[in-house]
Q: 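Handing you a structure now.
Note on naming: letters A, B, ... go to the chains in the order of the sequence lines (proteins, then strands), and numbering restarts at 1 for each one.
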2 protein chains.
Amino acid sequence: MAMGRPREFSCEKALDQALQVFWRKGYEGASMADLTEAMGITKPSLYAAFGNKEELFRKALDRYADGPGGYYREALNKPTAREVVTHVLYQAAEALTHPDNPGCLAVQGALSCGDAAETIKQELMARRAKSETELRERFERALAENDLPAGADAADLARYITALLQGMAVQAAGGATHAQLRGIAEMTLRNWPPA
Amino acid sequence: MAMGRPREFSCEKALDQALQVFWRKGYEGASMADLTEAMGITKPSLYAAFGNKEELFRKALDRYADGPGGYYREALNKPTAREVVTHVLYQAAEALTHPDNPGCLAVQGALSCGDAAETIKQELMARRAKSETELRERFERALAENDLPAGADAADLARYITALLQGMAVQAAGGATHAQLRGIAEMTLRNWPPA
DNA sequence: GCCCATCTATACCGCACGTTACGAATGTGT
DNA sequence: ACACATTCGTAACGTGCGGTATAGATGGGC
């Protein structure tokens, strides 16, 4: 059977470019014209390769979690709770201040939106909740290992750290520098774990 | 001279309804159809009374700062730094979890956006920066009054609290409850001021 | 060398957006 | 009661959106 004409662009490279655009402008703010221009392909090629805008965004999200957002998974594997928090805060301070597109895709992708993007907003809410749950479970393990004070509440601690990370993302979107975010991380670590 | 036909709606009530819509959907996500329907007026009436969408949003922002966001100014007037932080965190936990429209207009109004809304995004960044500056100046005063430890950095403290508040806003947008946000506030206060 | 599945590019679709002309309706000032 | 400034609702404008039909270009398989 014939294989047909091979595609003239790299799906991975194109997806990376799409990720940059979504990261900078959010899901709704990124137009198909923005995306195709950055990806260097035409609209029919995009639709053939990625389905539609929503599927493209989900694939960009997955790629974000494995690439620029990978420090989160790394942090969860650190041996102690303190090292988990140290790693995640410092790496976030670094990752959130990439000069080209500051902030976090999972936060600014669709914090609020019109009716058309409601399902994307829900998806991002679910992903943020999942990350917080993973952190909570990591802290529960730390409690079982006597790696955190006996009275501590893993859920509260996870919510606190998650809020801090999301706040750092907003700060980064507002132009905060690497050093400023690192200052927030240091201040948080100075009071970890709580008494 | 003749005064002409009087308008049949209340500008204040209409602006309040517009604020609700912007709060829930953000600047770009709120369509003129959404706004006019909620405000109970037609599009020409809206344009005659408020200029255009951008001016309407700015007026809604001002009203937000004087109404639902008024707790921030209140907090800055508390006599001690600890009372400032206590008030702002607890009141934020309350204000951010209004059941109808959770979160903070200044955060989710336009964290990221398309090219058309770039000036609105800049405006929100400036307002958030201004709030942080006011908090920093309040902490500088506290330092001068020996109301904070001598070595503390007012700018770092203000950034830390601001990030926490913005993170709470993201948490609220994700469905966090009043009690959960209060937990974050309590955890923060337990470590205030830093050693 | 031919076939044909697949990709590429132009051009277009219907729709919703923010915004505005226009004429009818309305209450005030004289 | 008349004149007029202003608001009202309808209906439309131009533009850009996400998405697609269609026709031509391309190269692998036999």
Q: So which heavy atom on A/S45 is nearest to which on A/F9, and how close?
A: CB-CE2, 4.0 Å

Q: Check this for me: does any side-chain nitrogen of one of B/D156 and B/R159 sit under 4.0 Å from a carboxylate oxygen of the other?
A: yes

Q: In whole angstroms, how far is the P atom of C/dC17 from the CZ atom of B/F57?
A: 18 Å

Q: Pick the nucleotide of DNA chain C nearest each of A/E8 and B/D34; which residue has the one closer to the 5' end?
A: A/E8

Q: Using a heavy-atom cut-off of 4.0 Å across all strands, would you classify B/A30 as base, sugar-phosphate, or nothing?
A: sugar-phosphate

Q: Quick check for you: among C/dT8, D/dG18, C/dG18, whose closest atom lies nearest to any side-chain atom of A/R5?
A: C/dT8

Q: Looking at C/dG18, D/dG19, D/dC17, which one has an atom nearest to any side-chain atom of A/S31?
A: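 Minimum distance to the A/S31 side chain belongs to D/dC17.
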
Q: May I have the distance from B/F9 (atom CZ) to C/dT26 (atom P), rounded to whole angstrom?
A: 17 Å

Q: If you only use heavy atoms from C-beta on, which nucleotide in C/dG29, C/dA21, D/dG27 is closest to the side chain of B/P44?
A: C/dA21

Q: Specify the separation, in whole Å, of atom NZ of A/K53 and atom P of D/dG16.
A: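 Rounded to the whole Å, the gap is 16 Å.
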
Q: Any salt bridge linking A/R63 with A/D16? Criterion: basic side-chain nitrogen under 4.0 Å from a carboxylate oxygen.
A: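 So A/R63 pairs with A/D16 through a salt bridge.
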
Q: Give the nucleotide from the list C/dC7, C/dA25, C/dT19 with an atom nearest to the side chain of B/M32.
A: C/dT19

Q: Rounded off to whole Å, could you give me the CD-to-P distance for the B/E37 and C/dG18 pair?
A: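 It is 14 Å, rounded to the nearest whole Å.
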
Q: Below 4.0 angstrom from OP1 or OP2 of C/dC7, is there any side-chain N or O of A/S45?
A: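 For C/dC7, neither OP1 nor OP2 has a side-chain N or O of A/S45 closer than 4.0 Å.
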
Q: Would you kindly give the OH-to-P distance between B/Y27 and C/dC17, to the nearest whole Å?
A: 14 Å

Q: Between B/F139 and B/W192, is the ring centre distance below 6.0 Å?
A: yes

Q: Roughly how many Å is it from CG in B/L35 to C1' in C/dT19, rounded to a whole number?
A: 14 Å

Q: So which nucleotide from C/dC12, C/dT19, D/dG29 ends up closest to the side chain of A/K43?
A: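 The answer is C/dC12, which lies nearest to the side chain.
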
Q: Whole-Å distance between C/dT19 P and B/L56 CG?
A: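 Going from CG in B/L56 over to P in C/dT19 covers 10 Å.
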
Q: Whole-Å distance between C/dC4 P and A/M3 CE?
A: 17 Å

